[in-house]
Amino acid sequence: MAKHISNMSQLQKALQPVMKNMVDQLAERVYETLNHYLSDYYTGWTPESYRRTEAFLRSVVKVNAYPDKGGVRACVYINTDSMDDYVNATGYQVAQWANQGMHGGLSVNHKPHVWQDTMDNTISNGSLVELAVKYLRSQGIPVRS
């Protein structure tokens, strides 16, 4: 059934569920990608000077989409505050090292740059835009890419 829309408020209300679902799917893709690189970061490295707590491995947070300032927002982030059991480093420092491909401040050649690789493989390469276009088309919204 077609909806009669005569103003921006009605248009926003009509599109809100579509946008919320789309943004949830996009956030899920970022969340999965970030967890992939974080898991890769943990493989192949066995520390000799400390015992792993895996706090960093479990630090990724995804906040479901919600209305925000006339649009929709979702968040995916590394909760560095949850990583409070490191000795001689903060959770923020550990996350920075991981984004530089380092473990405990030590250079490790084969490790991903956790956050940057996630951004490169979701936003920079256009895959999130492709996913958004595909979703909008599936909802009957014509979009050119």
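Numbers here simply count residues along the sequence, with the first being 1.
Put simply, the residue from N121, T118, D120 that forms a side-chain hydrogen bond (donor to acceptor under 3.5 Å, both in side chains) with Y37 is N121.
When hydrophobic clusters are built by joining Ile, Leu, Val, Met, Phe, Trp and Tyr residues whose side-chain heavy atoms come closer than 4.5 Å, directly or via intermediates, L136 is grouped together with I123. Residues M19 and V143 fall within the same hydrophobic cluster, defined by Ile, Leu, Val, Met, Phe, Trp and Tyr side chains chained together at heavy-atom separations under 4.5 Å. Connection of V114 to Y42 is established within a shared hydrophobic cluster, with ILVMFWY side chains joined at heavy-atom distances below 4.5 Å, either directly or through further cluster members. Cluster membership for V76 and L57, using ILVMFWY side-chain heavy atoms within less than 4.5 angstrom, is shared. Under a hydrophobic-cluster definition in which Ile, Leu, Val, Met, Phe, Trp and Tyr are linked whenever side-chain heavy atoms come within less than 4.5 Å, directly or via other members, L34 and Y92 are assigned to different clusters.
Distance CG/L128 to CZ/R29: 7.0 Å, rounded to 0.5 Å. With rounding to the nearest 0.5 Å, the separation of CE in M22 from OG in S138 is 10.5 Å. In this structure, the separation between CD on Q96 and OG1 on T90 is 7.5 Å, given to the nearest 0.5 Å. Put simply, CE on M8 and NZ on K13 are 15.5 Å apart, with the number rounded to the nearest 0.5 Å. The OG1 atom of T122 sits 10.5 Å away from the CG atom of L131 when rounded to the nearest 0.5 Å.
Listed by first then second residue, pairs satisfying salt bridge (charged side-chain N to carboxylate O under 4.0 Å, His left out) with a partner in residues 130-145 number zero, not counting sequence neighbours. Sorted by first and then second residue, the pairs that involve residues 73-83 and meet side chain to side chain donor-acceptor pair (under 3.5 Å), not counting sequence neighbours, are D68-R73.
Side-chain N/O atoms of Q25 and N21 include no donor and acceptor closer than 3.5 Å.
Looking at residues two or more places apart in sequence or on another chain, you find a side-chain contact (heavy atoms from CB on, under 4.5 Å) between A65 and K20, V23, D24, V72, A74. Every residue meeting the side chain to side chain donor-acceptor pair (under 3.5 Å) condition with S6, not counting sequence neighbours, appears here in chain and number order: Q10. Partners of M102 by side-chain contact (heavy atoms from CB on, under 4.5 Å), not counting sequence neighbours, listed by chain and number: W97, Q100. Evaluation of the side chain to side chain donor-acceptor pair (under 3.5 Å) rule for S127 yields N125 as partners, not counting sequence neighbours.
Annotation for Y66: atom OH counts as buried by contact number, over 12 foreign heavy atoms lying within 6.0 Å.
In this structure the side chain of D117 never reaches within 4.5 angstrom of the side chain of T33, judged on heavy atoms. In this structure the side chain of M83 reaches within 4.5 angstrom of the side chain of I78, judged on heavy atoms.
Without hydrogens or angle criteria, D40 side chain to H36 main chain gives no donor-acceptor distance under 3.5 Å.
Ring pair Y41/F56 is perpendicular by interplanar angle, where above 60° counts as perpendicular and below 30° as parallel.
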Intermediate values then yes/no, side-chain contact (heavy atoms from CB on, under 4.5 Å), Y135 and L26: CA-CA 10 Å; Y135 180 80; L26 299 177; over 6 Å; no
